[in-house]
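Below is one structure, written out as structure tokens; comments come after it.
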Amino acid sequence: MVSKTDDIPASVPNCNPVHLAREGEIANSKDTSKTALTDPCACGHRGDSAVMNGIAGHDQAEEADSKQDGSADAEDANEQEVIVIQDTGFTVKIQAPGTEPFDLQVSPQEMVQEIHQVLMDREDTCHRTCFSLQLDGNVLDNFAELKSIEGLQEGSLLKVVEEPYTVREARIHVRHIRDLLKSLDPSDAYNGVDCNSLSFLSVFTDGDLGDTGKRKKKGNELEQIDCTPPEHILPGSKEHPLVPLQPQNKDWKPMQCLKVLTMSGWNPPPGNRKMHGDLMYLYIVTVEDRHVSITASTRGFYLNQSTTYTFNPKPANPSFLSHSLVELLSQISAAFKKNFTALQKKRVQRHPFERIATPFQVYSWTAPQSDHAMDCVRAEDAYTSRLGYEEHIPGQTRDWNEELQTTRELSRKNLPERLLRERAIFKVHSDFAAAATRGAMAVIDGNVMAINPGEETRMQMFIWNNIFFSLGFDVRDHYRELGGDAAAHAAPTNDLNGVRAYSAVDVEGLYTLGTVVVDYRGYRVTAQSIIPGILEREQEQSVIYGSIDFGKTVVSHPKYLELLEKTSRPLKVQHHAVLNEKDTAVELCSSVECKGIIGNDGRHYILDLLRTFPPDLNFLPVEGEELAPESQKLGFPRQHRHRLACLRQELIEAFVEHRYLLFMKMAALQLMQQKANKDKTAALHDTSTADAESESKPQALEASEKVPDGMPTSPTSSESTLTPDDSEATSEKSAPENQEAPADLKSANTNGTHESSAAEKQNGGCDSLLKGKEADENIPGLAQAKELAESLAAEDGSGIDPKSREVVLNACKAVGSISNTSFDIRFNPDIFSPGVHFPDDSTDDIQKQKQLLKDTAAFLVSCQIPSFVKDCLDHSSLPMDGATMTEALHQRGINVRYLGTVLEFVDNMPAKAQIEHIYRIGISELITRCAKHIFKTYLQGVELSALSAAVSHFLNCLLSSFPDAVAHLPADELVSRRKSRKRRNRVPGGGDNTTWASLTPSELWKNINSEAQSYYHFSLQWWELVQTNSKHFISLVPVATRLSFYNFDSRHKPAFTEEDILNIFPVVKHVNPKASDAFHFFQSGQAKVQQGFLKEGCELINEALNLFNNVYGAMHVEICACLRLLARLNYIMGDHPEALSNQQKAVLMSERVLGIEHPNTIQEYMHLALYCFANGHLSTALKLLYRARYLMLVVCGEDHPEMALLDSNIGLVLHGVMEYDLSLRFLENALAINSKYHGPRSLKVALSHHLVARVYESKAEFRSALQHEKEGYTIYKNQVGEAHEKTKESSEYLKYLTQQAVALQRTMNEIYKNGSNASIMPLKFTAPSMASVLEQLNIINGIIFIPLSQKDLENLKAEVQRRQLMQNSGKIEEQQAGQLELDDKLPVDD
């Protein structure tokens, strides 16, 4: 399961397209996709942005920080700065006590502390923690960088010198030894603690895939391969057992080194012993059952004479004094010595990515039943606050607010500074998220004292570890008018989205609070860092900007206006005035709820950002307001639970993008019209201008509403493709829109669009907004319109003739721009807020804003939803489960509350059969979410002692076929018999603690049905209720269930018992800080790859990988995407071993960071299998493909278009190892799925037919082979014509098959005729060569190698450069509009 950190992209600021950057600032624009802008509009951000190459489409957007000071030099300096990062490393010698000196490769940037970490991880020095490094007798400072140390050079000898212990050091030592003893134990990963998570790749690859791995079989492996897949993954298998999800790794069988290691009951040492240097006492039972008591003293560890009941701290004889606990234990226990050595050998053999902690905790929804072992460190962590030595920070608790804000204030003038700053921000954020999660769980479990203990539990607030916690209930009727508790539950996530947006814009001097939202046991907890001084004063005194009562009283502050003004352009927030209680106008540049508080530290904080984005009118019925016809047609506006429904930032971006295109077209059309009218007389000319003016407005608005399906979609979606057929449709649709327009204008428009569709065809379908715009440039007059818009903004407009100015003015009016001289759309977030009043003089403006909001709401339902469905239809978006579907919706700015609308849209599609998987996943997600809403309130009524019984009862009602699920109430354990005693329940959710037990399956499903109706406005049919996927629910509601066989179909006993419920986890939402520079390198690398410069692309991606590692550490989803792309490039460039190594890292990382059954992980497994096959590891490739198929069955079942690709891969590999019958089962299944989802005439189906024919040929069943190949040939002939090489290949193969069939028939006839003495011609039965199998594998996986001569290559490069130059002149202007100019697909990808 994924930690729910919705990767909401930072805003992609839509820079005013009319500011032209000066020549010198466009650093090397031909080479890189980065164009730095100094931005006269003072919004201080970059105009470039792109989409991450993640299959799951992790949408990113640029961090708007690096250009804060407006200096463009940083960009030019980038080239030099990179070299600084790659400073050459050097080697030093390390001499540790009792070991031979060894060499260590270090880099000048490293700190001395990092060498400490390496030594604590190495097999021969891992048992030391308390030591210093000395160079020529001088102790090195732990926090010094190596390059700053005098005399340290290539070959220097560093000595490891043992230091005396302190209590803290002794504790760290014991903790470290415990970590070493538990290093192969997966229980921390199952329990979701300390950022451990699961990874199973090594089970399928027999250790490492490199040369170091245990590859016993070399050369031809064909003989020893057992290819039989497990029964449950064969096509058509009905059983989908859970147990193989987490295969048992043989390395995890515990090697016992000690029976018990725990703190002694004699701690802490009495005063007289302290003065002898005693720090603490340990109690140990060895494997040989020897009970010993050990003293940790300043000099090390030794045996003392204490027993369980008598205290005698004197050293035993012999005392075995040793500086390290491991050395001591090795002397007193032979079993410890043997097993500890073996354990460390195994530990260092594991891939580092299996051991490194992840930045954010990932939880697993299933776990095997395991024994609970004694563990002193775990016990100590639970009962002490762990703050004494948390993160080795001096002082006691961490001041989170100070840390979060100080890291933001770090300098960011050049690359090394920015890297340092981003690394600090990321580290503090991940630490804060972990601490906030621990605190929130403690609050709900009742382990934290409230700061207002006298009030009822719902209203209590808590402070723990310098973090403020509040519960998601409507306290003091704060949200009464907005929807009560429902609004109070939605507000924290809205607020978090606001914090994300403002942090991404990153304005210097404006501060947001660290915010984490945790859902746990049915409660929503908001954790925030604390503004210095806010607890000492009342809120009324501290708020100097905004309103504390939703707009009744409002105040403003010039400094806040100045700071927020900088964010208003990137966030599209309009500067506006509202009336306060005295009816005087107050200027604001945010919503009224946004409060500004100056802390005691003098920083300007903003909080309560729940209305950063404008309201969603489709879910906000307002009396007297009519929505656009598109919305009304679909039954909007609809009543929602609360009035806080906001539009997503991605939608705002997409809408503005769409309006910008409209603006440009409008201006172009009017210019054309002026041109046409110039020839006529002046009188005529005047009237026609008036005409144009009156018509342009209705026409534009109409155009904005009748958005054709083919309109470009959200800038964050990498997949907004427009196929030629759609573009034709678009042009046909655009003609009627202009019916009232004069004839010449109409022809200009339709011609323009037709031309553009032709251009799109040349582009092979418009792949990104940029290409769409290039195509649009064929509209006559568009270039002039651009020039005009730019010159208007560049000057004060005096030099431009009034007619041209009028053109821009009309276009601005038509698209709803807030400026009359340039395109600038912003939203007023306070429109339709209850209790907010606007001054009379702004009535027009308010009307405009209302119209804009209605248009945006209409845009969502009439353009974004159809475009999402269209992407699913042409398989450019392939969600596999609810999470990836949600992500795909979010990328287009569609909120999940539209899920019902999306499903209805899919249901009414003529081609519904081809997107049946989308409908199925959507229904499953909808049912799961409804069940989750019910589960939330259900859990609130359960007391802790009944939790597992209640959860298992709920799961039985939801998933089991057992008709009368009865809750088990174990008499004595659960319900207190003495009810008469009035107990005041301090834990939230007192209530009658057995009401949950009365839930029945029929009642639950009735509730789910009505929830679907009221929340999603969707009516479920009974057969849809039956097909929900158990994994979906359990992974959405984070409950860990026992890994065993569950029978959901039994009508005799319930599927779950309370013993099956192992744990309940939190769902955590937080801000995800980004590595902006690394991201820009990644983009440039992708751009290079797309232009065909693979080597340069590869270098840039490698550089990006370095920088990502620098900021995020070793584990992160973006590093995973980077590694995947790198592996693909290595593969295409022919470096198969390197591809394998990078892809192995990508798989491990995906398992660890996203989860073992995340759709992304399944994709990574498939890529790895391909590279394994190319490297000759056939059995490993098969195992990986079988694993991928099993995971896919668990996640989305067999009926999914992606399954066809997977089965084709499996079939091809099996064909390669001559398992023909098995191969046919998979290939025929792939053929069936392809025919269903791509239509029987698709080229994919033709390829499937060909693959099946090849296997039949190998089996010598020529009739079947011919039949399939004929099918394929027919498809090729109809789709691509007879002259196409594919058709020719197919026809050649048909001839060959016919010859073989005839030869076989002759032979058979000969045998029949002459009996045993027939002279038989030997027949050619060819086992497929590995090369031919690999070639087919490459084709189906979208990797096509085109054989080119050197000359062809040169010509191709020259052509690419020529096009680049041509585009560059237009591209610079495009980039200024903050447009997306990168598509995330490689040219070699399908």
Side-chain angles (χ1 to χ4, degrees), residues 1 3 121 126 174-203 242-263 284-285 287 336 339-340 342-344 346-358 360-384 386 434 437-438 441 445 520 947-948 951 1034-1035 1038-1044 1058-1066 1068 1115 1148 1151-1153 1155-1157:
M1 209 190 81
S3 89
D121 200 52
C126 63
V174 172
R175 174 177 285 264
H176 179 65
I177 300 305
R178 169 266 196 179
D179 286 344
L180 291 177
L181 292 176
K182 281 189 62 176
S183 54
L184 294 181
D185 176 12
S187 58
D188 277 357
Y190 286 121
N191 295 329
V193 290
D194 289 344
C195 287
N196 285 302
S197 59
L198 297 165
S199 164
F200 292 105
L201 178 64
S202 54
V203 179
L242 256 189
V243 179
L245 182 62
Q246 295 173 349
Q248 286 310 296
N249 192 330
K250 53 183 183 300
D251 282 352
W252 290 351
K253 294 203 173 60
M255 296 169 71
Q256 207 180 19
C257 300
L258 289 175
K259 282 191 176 169
V260 178
L261 159 62
T262 174
M263 298 292 170
I284 285 178
V285 181
V287 180
F336 176 86
N339 288 350
F340 186 78
L343 184 71
Q344 294 324 306
K346 270 193 175 163
R347 179 180 67 88
V348 293
Q349 272 170 4
R350 289 175 73 195
H351 196 286
F353 284 3
E354 294 181 76
R355 300 183 282 152
I356 299 168
T358 58
F360 300 107
Q361 185 65 58
V362 177
Y363 298 101
S364 163
W365 58 278
T366 52
Q369 187 79 49
S370 58
D371 301 327
H372 191 58
M374 203 182 260
D375 181 343
C376 64
V377 176
R378 185 187 62 219
E380 185 192 21
D381 282 351
Y383 294 111
T384 61
R386 206 188 199 184
T437 309
R438 277 214 312 273
M441 289 166 75
D445 289 339
Y520 180 60
L947 206 53
S948 59
V951 172
I1034 300 178
S1035 50
V1039 172
T1041 49
R1042 190 167 54 153
L1043 196 64
S1044 70
E1058 56 185 282
E1059 296 307 312
D1060 291 325
I1061 309 301
L1062 302 180
N1063 209 337
I1064 187 158
F1065 293 126
V1068 186
M1115 283 270 160
L1148 285 168
E1151 286 194 307
R1152 294 284 320 278
V1153 180
I1156 53 171
E1157 76 295 289

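Count residues from 1 along the sequence.
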Flag, side chain of [X] to backbone of [Y], donor-acceptor distance under 3.5 Å:
X: Q246; Y: T366; answer: yes
X: H176; Y: C126; answer: yes
X: Q361; Y: N196; answer: yes
X: R347; Y: K182; answer: no
X: S948; Y: I1061; answer: no
X: T1041; Y: A367; answer: no

(message) Hydrogens and angles aside, do S197 and R1152 bring a side-chain donor and acceptor to less than 3.5 Å of each other?
(response) yes
(request) Could you tell me the separation between the CG atom of D179 and the CZ atom of R355, rounded to the nearest 0.5 Å? (result) 12.5 Å
(request) Kindly compute the distance separating OG (S183) from CG (L343), expressed to the nearest 0.5 Å. (result) 4.5 Å
(message) Show, in sequence, the C-alpha distance, side-chain angles and deciding distance for F360 and V1068, and conclude whether the side-chain contact (heavy atoms from CB on, under 4.5 Å) test is met.
(response) CA-CA 9 Å; F360 300 107; V1068 186; over 6 Å; no
(request) Show your working on side-chain contact (heavy atoms from CB on, under 4.5 Å) between I284 and V260 and close with a plain yes or no. (result) CA-CA 5 Å; I284 285 178; V260 178; over 6 Å; no
(request) Quick one: do Y190 and L1062 satisfy side-chain contact (heavy atoms from CB on, under 4.5 Å)? Show the steps, please. (result) CA-CA 10 Å; Y190 286 121; L1062 302 180; over 6 Å; no
